[in-house]
Amino acid sequence: MKIGVSTACLYPMETEKSLMRLSEYGIKNVEIFFNADCELKGSIFAQINKIVNESGISVLSVHPYTSAVETMSLFGDYPRRYMEMMDTYKLYFEIMNKLGAKIFVLHGALKSAAVKEELYFERYSALYELGERYGVIVAQENVSYCKGGSRRFLAEMKKSLGEKCGFVLDVKQALRSGSDPFELIDLLGKSIKHCHISDNTEETDCVPVGRGRFDFPMFSQKLKKLAYDGDIVLELYRNGFDRLDELKDSVEYMESFF
């Protein structure tokens, strides 16, 4: 298990600059949140790849900014958009192979989307199988405003797809959905392939770990009981912390439980 930090914590700083800053602060593991097509190719991707290779930083996972259009592309009813998005995510998988990343974070369709579950699972399965060809796990995140924010939907997805699916457990998103993160761990079990972590207080659901009331000893115990072999990534919003060393402190705090 590795514990890292998402480049999204420094948004809207450019991705390659965020990666460099995290490396300079001694962060050894990261999730890269790509924010534009130009970051996937040419000189900008070359910069990103160079930073990874020269710093020795480990890229655990990748998050696409195209999450915002997955409703109308991956899960929409227009075949051309679907096929184009599959090609786009194939490019992501190729890039992940270059970076050494294994987890691809999927938001999926919005809660309001008309897509039927049968079609959703079919489209997800196709993307999951495409990822497998590249040694990548496509993992559905429990985003509160998406289908995956529903406990019932997650349960049905796991039941329908069996071992051919994976999940990202995001603690703050669970809270926003009105779900208990620990109940989601029990529900999804070994299908959890990746975790997004943050702490929470009575006032806010996303603060540096160790600054709130989240039960990290219980979190650690639950994952160890599952023999969890995925990674854990700190994902905060830029207004949720003041100094970059708070990110490193959060990583060290989590490491103390594992």
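Just so we're clear, the structure is a prediction, and the values are computed from it rather than from any experiment.
When the ring-ring contact (aromatic ring centres under 6.0 Å, His included) test is applied to F257, the partners found at least two apart in sequence or on another chain are Y253. Shown here are the side chain to side chain donor-acceptor pair (under 3.5 Å) partners of N49, two or more places apart in sequence or in another chain: there are none.
With R21 as the partner, the side chain to side chain contact (heavy atoms under 4.5 Å, CB included) test is satisfied by one option alone out of L247, L244, T7, I27: L244.
For the atom pair CG (L223) and CD1 (I232), the distance works out to 5.5 Å, reported to the nearest 0.5 Å. Taken to the nearest 0.5 Å, the OH atom of Y89 stands 6.5 Å off from the CG atom of L106. Between the CG atom of L161 and the CD atom of E156 there is a distance of 9.0 Å, given to the nearest 0.5 Å.
Ring centroid separation for the pair Y11 and F33 does not come in under the 6.0 Å cut-off. For an aromatic pair to be called close, the ring centres must be under 6.0 Å apart, and F121 with F153 satisfies this. Remark: aromatic rings of F75 and Y82 are distant, center separation not under 6.0 Å. In this structure, F182 has its ring center under 6.0 Å from that of F214.
Counted by atom type alone, H196 and E141 present one or more donor-acceptor pairs between their side chains at under 3.5 Å. For Q140 and Y128, the side-chain atoms include no donor-acceptor pair closer than 3.5 Å.
A salt bridge links R176 with D205: the closest approach of a Lys/Arg side-chain nitrogen to an acidic carboxylate oxygen falls below 4.0 angstrom. A salt bridge does not link K190 to E163: none of the charged nitrogens lies less than 4.0 Å from a carboxylate oxygen. Between E235 and K172 there is a salt bridge, with a side-chain nitrogen of the basic residue lying less than 4.0 Å from a carboxylate oxygen of the acidic one.
Closest heavy-atom contact between F216 and V209: CZ-CG1, 3.3 Å.
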Which atom pairs, one a donor and one an acceptor, fall under 3.5 Å between side chains of residues 109-119 and the rest of the protein, sequence neighbours left out?
| residue | atom | partner | partner atom | Å |
| --- | --- | --- | --- | --- |
| K111 | NZ | S144 | O | 3.2 |
| E117 | OE2 | R152 | NH1 | 3.1 |
| E117 | OE2 | R152 | NH2 | 2.3 |

